[in-house]
Amino acid sequence: MARRKKIYEGKAKTLYEGPEPGTIVQYFKDDATAFNAEKRDVIEGKGVLNNLLSEFFMQGLGQIGVPTHFLKRLNMREQLVRSCEIIPLEVIVRNYAAGSMSKRLGINEGTQLPRPIVEYCYKDDALGDPLVTEEHIAAFGWASQQDMDDILSLALRVNDFLSGVMLAVGIRLVDFKIEIGRVYDGDFQRLVVADEISPDSCRLWDIETGQKLDKDVFRRDLGSLTDAYTEVARRLGVMPNNPPAAGKPTLVN
């Protein structure tokens, strides 16, 4: 399809006007960033893998009744999504201690938590996406109490789904983050899972070996990020045979 007007360019994706009102084309880039973009690189094929994996997860959520912004995949790097108003929060669900939680609380990485813990970060790159409480969210009007109840319910349903899918292929879902958007049908508002779900936004460890199959491979220089993501896709049957071909697509302006 012909490239339309660019709406927004982030660290991992570029958004363009969709072919119909209320739609957006989401383009997955090969860029990899970590530590609030202090570390960056271009990883050939990463965008293709994240596009395919996000499609797989979003479709799976839709099949169990979890609303998402996903409409369809357009090609190897693009998908069509519903336009929505993003709530300025990262919603993080943790099943095991890792990353910033381990540093903050002095808990060894890999420690199973007594129950899934849901955390919220205010989406602001300049501030480093700081951790916030429901009190902050209510005080600054980022979301209503009803929104927060719905967000918690959505987050835990996503966790149940992803945990089961990953367990079936020998992968432990350590934690993940999602974004939530508001869509409007007339005066009626509903919340949907937005942005993406991919190894960029999850911590995934092999159950038997503990091998990391997520963006920590890039953060900690543990090997090939493309190989790690390809292994996740292979196990899930998203790309069972060959990894994505290297090289960038020709963009149509």
Side-chain angles (χ1 to χ4, degrees), residues 10-14 26-58 76-77 90-104 107-113 119 121 125 128-129 158-159 162-163 165-179 195-248:
K11 290 176 283 190
K13 291 183 297 298
T14 305
Q26 189 166 258
Y27 173 87
F28 287 76
K29 304 195 297 184
D30 282 340
D31 299 52
T33 63
F35 312 119
N36 202 24
E38 291 180 11
K39 181 177 182 178
R40 60 176 66 235
D41 201 353
V42 176
I43 311 295
E44 298 289 355
K46 171 179 166 291
V48 171
L49 288 160
N50 280 348
N51 184 26
L52 294 169
L53 284 163
S54 192
E55 174 195 24
F56 174 83
F57 295 129
M58 292 290 189
M76 293 297 280
R77 287 185 180 271
E90 289 184 347
V91 182
I92 302 165
V93 182
R94 300 183 182 273
N95 299 307
Y96 296 82
S100 61
M101 169 177 269
S102 291
K103 293 176 182 176
R104 284 198 319 268
I107 303 173
N108 290 335
E109 280 209 330
T111 301
Q112 185 169 6
L113 302 174
E119 298 177 334
C121 290
D125 286 343
D129 301 327
V158 173
N159 187 47
L162 291 180
S163 294
V165 168
M166 293 303 183
L167 182 62
V169 295
I171 296 174
R172 176 173 290 121
L173 179 67
V174 175
D175 58 37
F176 66 92
K177 65 180 178 182
I178 54 174
E179 295 185 14
D195 193 44
E196 69 176 291
I197 300 176
S198 74
D200 268 9
S201 57
C202 304
R203 276 194 175 88
L204 307 171
W205 296 355
D206 180 87
I207 288 176
E208 296 296 328
T209 67
Q211 178 188 2
K212 293 176 172 56
L213 300 171
D214 55 68
K215 201 162 77 168
D216 274 347
V217 172
F218 172 70
R219 292 187 187 99
R220 304 182 185 186
D221 296 316
L222 298 177
S224 166
L225 192 67
T226 303
D227 287 351
Y229 287 17
T230 298
E231 176 63 13
V232 175
R234 185 193 66 78
R235 293 195 194 187
L236 293 171
V238 176
M239 292 194 66
N241 297 316
N242 299 314
K248 296 183 179 180

Over all atoms of both residues, closest heavy-atom pair of [X] and [Y]:
{"X": "Ile197", "Y": "Phe57", "value": "O-CD1, 3.3 Å"}
{"X": "Gly170", "Y": "Arg235", "value": "O-NH1, 3.3 Å"}
{"X": "Leu213", "Y": "Asp206", "value": "CD1-N, 4.3 Å"}
{"X": "Asn95", "Y": "Ser163", "value": "ND2-OG, 3.8 Å"}
{"X": "Val158", "Y": "Phe176", "value": "CG1-CE1, 3.7 Å"}
{"X": "Phe28", "Y": "Ser54", "value": "CZ-CB, 4.2 Å"}

Is any side-chain heavy atom of [Y] closer than 4.5 Å to one of [X]?
{"X": "Ile92", "Y": "Met101", "answer": "no"}
{"X": "Asp195", "Y": "Ile178", "answer": "no"}
{"X": "Ile43", "Y": "Tyr229", "answer": "no"}
{"X": "Leu204", "Y": "Val232", "answer": "yes"}
{"X": "Pro199", "Y": "Asn50", "answer": "yes"}
{"X": "Lys11", "Y": "Asp125", "answer": "yes"}
{"X": "Ile207", "Y": "Leu167", "answer": "yes"}

### Message
Between Arg77 and Thr14, do the side chains contain a donor N or O and an acceptor N or O under 3.5 Å apart?
### Response
no
Just verifying a value: how many Å separate [X] [atom1] and [Y] [atom2], rounded to the nearest 0.5 Å?
{"X": "Arg94", "Y": "Ser100", "atom1": "CZ", "atom2": "OG", "result": "4.0 Å"}
{"X": "Glu196", "Y": "Lys177", "atom1": "CD", "atom2": "NZ", "result": "9.0 Å"}
{"X": "Asp221", "Y": "Asp216", "atom1": "CG", "atom2": "CG", "result": "11.0 Å"}
{"X": "Lys29", "Y": "Lys13", "atom1": "NZ", "atom2": "NZ", "result": "9.5 Å"}
{"X": "Ile107", "Y": "Gln112", "atom1": "CD1", "atom2": "CD", "result": "12.5 Å"}
{"X": "Leu49", "Y": "Asp200", "atom1": "CG", "atom2": "CG", "result": "10.0 Å"}

### Task
Could you give me the CA-CA distance, side-chain angles and deciding distance for Lys46 and Asp41, then say whether salt bridge (charged side-chain N to carboxylate O under 4.0 Å, His left out) is met?
CA-CA 11 Å; Lys46 171 179 166 291; Asp41 201 353; over 6 Å; no
### Query
Between Asp214 and Arg203, does a salt bridge (charged side-chain N to carboxylate O under 4.0 Å, His left out) hold up when you go through it step by step?
CA-CA 6 Å; Asp214 55 68; Arg203 276 194 175 88; 5.2 Å; no
### Query
Is there a donor-acceptor contact under 3.5 Å from the side chain of Asp129 to the main chain of Cys121?
no
### Task
For the pair Glu44 (side chain) and Asp30 (backbone), establish whether a donor and an acceptor sit closer than 3.5 Å, ignoring hydrogens and angles.
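Checking the backbone N and O of Asp30 against the side chain of Glu44, no donor-acceptor pair under 3.5 Å is found.
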### Message
Does Leu52 form a side chain to side chain contact (heavy atoms under 4.5 Å, CB included) with Met76? I'd like the steps, not just the answer.
### Response
CA-CA 7 Å; Leu52 294 169; Met76 293 297 280; 4.1 Å; yes
### From CA spacing to verdict: salt bridge (charged side-chain N to carboxylate O under 4.0 Å, His left out), Arg220, Glu109
CA-CA 14 Å; Arg220 304 182 185 186; Glu109 280 209 330; 2.8 Å; yes
### Summary
For Lys103, the side chain to side chain contact (heavy atoms under 4.5 Å, CB included) test, sequence neighbours excluded, returns none
### Task
Under the salt bridge (charged side-chain N to carboxylate O under 4.0 Å, His left out) rule, what do Arg104 and Glu119 come out as? Steps first, then yes or no, please.
CA-CA 13 Å; Arg104 284 198 319 268; Glu119 298 177 334; 2.5 Å; yes
